[in-house]
Amino acid sequence: MKLTIEKDYDAMSMHTARHVVDLVKSKPNALICIAAGDTPKLTCDFVANIAKKEHVDFTKCYFVSLDEWVGIPPQNEGSCQYFLRTCLFSPLNISEKQVQLFNAMSTDLEKECNNMDRFIKDHGGIDLIIVGVGRNGHIGFNEPGISFDEYSHVVDLDETTQTVGQKYFREETRLTKGITLGLQHLIEAKKAILIANGVKKAEVIRETVEGEIRSQMPASIMRKHINGEIILDEEAASKLTAHEIK
Ligand code: F6R
């Protein structure tokens with residue numbers, strides 16, 4: 001696994017955005033998954049800016065969502081779908097036929113999971129998955145204790161996730177379940193990138209990079225990926241005992 005430490009959030013985001021744009025340049029019909037949340041926000045902005053500046057054609061690539069809060073409608077600003085549409089699909093003019101998103105309002109969530117798994121399989125697997133990390137070590141909504149070999153599934157959210165998740169919503173919102181890609185999707189992706197910034201992530205990054213690889217720390221699965229990369233800013237890397245700053 002590659003570990004890259006950039007100076008700050010800007011540099012971390014630019015480095016990550018470059019991976020997305022370069023992939024689409026070399027493989028126009030690539031299948032990409034980018035997490036929602038605070039961490040990838042600037043990466044998405046940079047992807048849209050570079051794509052425009054360098055005239056990169058995003059009309060043939062595909063996107064899948066990483067996860068969604070069950071019961072939260074897509075027009076709610078706190079939903080993952082709202083994030084992806086606003087920060088990525090709309091600026092890049094991505095059409096509906098290019099995306100497969102979890103419908104967390106569905107009465108048949110198992111079918112949602114099956115549809116997602118089939119879409120990924122039918123499109124030759126995920127070429128690039130970019131994930132964030134929760135303070136409890138979750139990836140997507142793969143909470144501590146999850147098995148590493150799951151595909152899409154529905155989960156009971158950890159208390160930390162329910163509490164920290166309030167930051168995405170205007171008003172207090174009941175968040176109990178999530179629907180998410182599984183860690184097996186991450187392992188099977190041709191390239192996996194985990195990004196983290198800020199001092200709040202320093203402890204979980206230390207555990208991820210230097211702790212034991214275990215299901216209680218889902219992010220540690222990154223070290224099993226044959227083409228995995230963790231891209232950090234200096235603050236997120238500040239608790240690592242042995243690292244070189246670029
Ligand atoms: C969101 C997601 C979550 C976040 C994680 C970090 O789609 O999958 O796992 O990546 O909770 O969130 P932020 O980036 O807001 O710190």
Side-chain angles (χ1 to χ4, degrees), residues 8-10 12-13 16-17 20 32-46 63-70 72 74 76-89 99-104 112-113 116 126 128-146 150-170 173 175-186 189 192-205 207-208 217-222 230-233 235-237:
D8 53 21
Y9 180 55
D10 259 55
M12 180 210 82
S13 306
T16 311
V20 179
I32 301 166
C33 174
I34 304 184
D38 292 338
T39 318
K41 171 81 184 67
L42 192 57
T43 298
C44 293
D45 292 349
F46 283 147
F63 287 92
V64 288
S65 52
L66 175 61
D67 49 11
E68 191 56 274
W69 309 99
V70 168
I72 302 296
N76 184 314
E77 286 177 24
S79 73
C80 300
Q81 186 168 155
Y82 188 93
F83 172 94
L84 291 173
R85 288 193 184 281
T86 317
C87 301
L88 204 62
F89 303 159
V99 302
Q100 176 75 26
L101 306 171
F102 285 122
N103 171 10
E112 281 300 306
C113 292
M116 180 59 89
I126 298 173
L128 173 63
I129 184 165
I130 297 177
V131 299
V133 58
R135 279 184 248 167
N136 63 354
H138 75 196
I139 283 189
F141 285 143
N142 291 277
E143 301 284 31
I146 190 72
E150 293 246 18
Y151 287 101
S152 298
H153 59 283
V154 176
V155 294
D156 289 327
L157 297 172
D158 244 34
E159 252 174 60
T160 321
T161 307
Q162 297 184 21
T163 314
V164 177
Q166 297 300 324
K167 68 178 175 168
Y168 306 120
F169 297 88
R170 275 177 195 263
T173 306
L175 305 169
T176 51
K177 283 185 184 294
I179 182 166
T180 184
L181 295 192
L183 295 177
Q184 189 60 31
H185 283 122
L186 180 127
I193 299 178
L194 183 149
I195 51 176
N197 68 287
V199 75
K200 279 187 202 156
K201 298 287 172 74
E203 184 54 36
V204 76
I205 286 300
E207 279 278 341
T208 300
M217 185 47 61
S220 64
I221 196 177
M222 284 298 296
I230 296 189
I231 308 178
L232 308 171
D233 74 348
E235 286 188 8

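Since the model is a prediction, treat every value here as computed from it, not as a measurement. Basis for what follows: all heavy atoms, side chains included, without hydrogens, waters or symmetry-related copies. One-based numbering, in listed order, for ligands and for the atoms of each.
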J.: Side chain or backbone, does Cys80 bring an N or O within less than 3.5 Å of an N or O on ligand 1?
T.: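 No - when backbone and side-chain N and O of Cys80 are compared with those of ligand 1, no distance drops under 3.5 Å.
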
J.: Considering only protein heavy atoms, which is closest to atom 15 (O) of ligand 1, and at what distance to one decimal place?
T.: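 Nearest protein contact, heavy atoms only, for atom 15 (O) of ligand 1 is Tyr168 OH, 2.4 Å.
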
J.: Identify, with sequence neighbours excluded, every residue that meets side chain to side chain donor-acceptor pair (under 3.5 Å) alongside Asp38.
T.: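 Result, side chain to side chain donor-acceptor pair (under 3.5 Å) vs Asp38: Lys167.
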
J.: Specify the protein heavy atom at minimum distance from atom 7 (O) of ligand 1: its residue, its atom name, and the distance to 0.1 Å.
T.: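 The closest heavy atom on the protein side is Asp67 OD1, 2.7 Å.
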
J.: With heavy atoms of Leu66 as the reference, note each atom of ligand 1 found under 4.0 Å away.
T.: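 Within the 4.0 Å cut-off of Leu66, ligand 1 contributes 8 (O).
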
J.: Does Lys41 form a side chain to side chain contact (heavy atoms under 4.5 Å, CB included) with Phe83? I'd like the steps, not just the answer.
T.: CA-CA 8 Å; Lys41 171 81 184 67; Phe83 172 94; 4.0 Å; yes

J.: Any atoms of ligand 1 less than 4.0 Å from a non-hydrogen atom of Gly140? List them with their elements.
T.: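 Taking each heavy atom of Gly140 in turn, ligand 1 has 3 (C), 8 (O), 9 (O) under 4.0 Å.
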
J.: Between Lys200 and Arg135, is there a donor-acceptor pair closer than 3.5 Å when you use the side chain of the first and the backbone of the second?
T.: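 A pair under 3.5 Å: no.
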
J.: How far is atom 14 (O) of ligand 1 from its nearest protein heavy atom, and which residue and atom is that?
T.: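 Protein heavy atom at minimum distance: Thr39 OG1, 2.4 Å.
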
J.: Considering only heavy atoms of His138, which atoms of ligand 1 have at least one such atom less than 4.0 Å away?
T.: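 It comes down to these atoms of ligand 1: 3 (C), 5 (C), 9 (O), 11 (O).
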
J.: Main chain of Gly165, side chain of Trp69: is a donor-acceptor contact present, judged purely on distance under 3.5 Å?
T.: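 Such a contact is absent between Trp69 side chain and Gly165 backbone.
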
J.: Would you please test Tyr82 and Asn76 for side chain to side chain contact (heavy atoms under 4.5 Å, CB included) and show each step?
T.: CA-CA 7 Å; Tyr82 188 93; Asn76 184 314; over 6 Å; no

J.: Below a 4.0 angstrom heavy-atom separation, can you tell me which part of Thr180, side chain or backbone, both or neither, approaches ligand 1?
T.: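 Neither part.
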
J.: So if I count the atoms of ligand 1 from 1 in the order they appear, which ones are less than 4.0 Å from some heavy atom of Lys167?
T.: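 Contacts of ligand 1 toward Lys167, numbered from 1: 13 (P), 15 (O), 16 (O).
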
J.: Is there a donor-acceptor contact under 3.5 Å from the side chain of Gln100 to the main chain of Val64?
T.: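 Here the side-chain-to-backbone pair does not exist.
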
J.: Any sub-3.5 Å donor-acceptor pair from Asn142's side-chain atoms to Leu181's backbone N or O?
T.: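 Side chain of Asn142 to backbone of Leu181: a pair is present.
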
J.: What is the minimum heavy-atom distance between Ala196 and Ile205, and which atoms define it?
T.: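 Looks like CB-CD1, 3.7 Å.
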
J.: Just jot down the ligand 1 atoms closer than 4.0 angstrom to any heavy atom of Lys201, in number order.
T.: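 Counting atoms of ligand 1 from 1, those under 4.0 Å from Lys201 are 6 (C), 13 (P), 16 (O).
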
J.: How far does CD of Glu68 sit from CD1 of Ile179, to the nearest 0.5 angstrom?
T.: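 The CD atom of Glu68 sits 9.0 Å away from the CD1 atom of Ile179.
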
J.: Could you list the atoms of ligand 1 found under 4.0 angstrom from a heavy atom of Asp38?
T.: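 Under 4.0 Å from Asp38, ligand 1 has these atoms: 13 (P), 14 (O), 15 (O).
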
J.: What residues, two or more places apart in sequence or in another chain, satisfy salt bridge (charged side-chain N to carboxylate O under 4.0 Å, His left out) together with Asp10?
T.: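 Salt bridge (charged side-chain N to carboxylate O under 4.0 Å, His left out) check on Asp10 returns nothing, list empty.
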
J.: Provide, to 0.1 Å, the distance between atom 10 (O) of ligand 1 and the closest protein heavy atom, together with that atom's residue and name.
T.: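 The protein heavy atom lying closest is Gly132 CA, 3.5 Å.
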
J.: For ligand 1, which atoms sit closer than 4.0 Å to a heavy atom of Gly37?
T.: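 Counting from 1, the qualifying ligand atoms are 14 (O), 15 (O).
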
J.: Which ligand 1 atoms are under 4.0 Å away from a heavy-atom of Ala36?
T.: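 Ligand 1 atoms under the 4.0 Å threshold to Ala36: 1 (C), 7 (O), 10 (O).
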
J.: Closest non-hydrogen protein atom to atom 6 (C) of ligand 1, residue and atom name please, with distance?
T.: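 Closest protein heavy atom to atom 6 (C) of ligand 1: Val133 O, 3.4 Å.
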
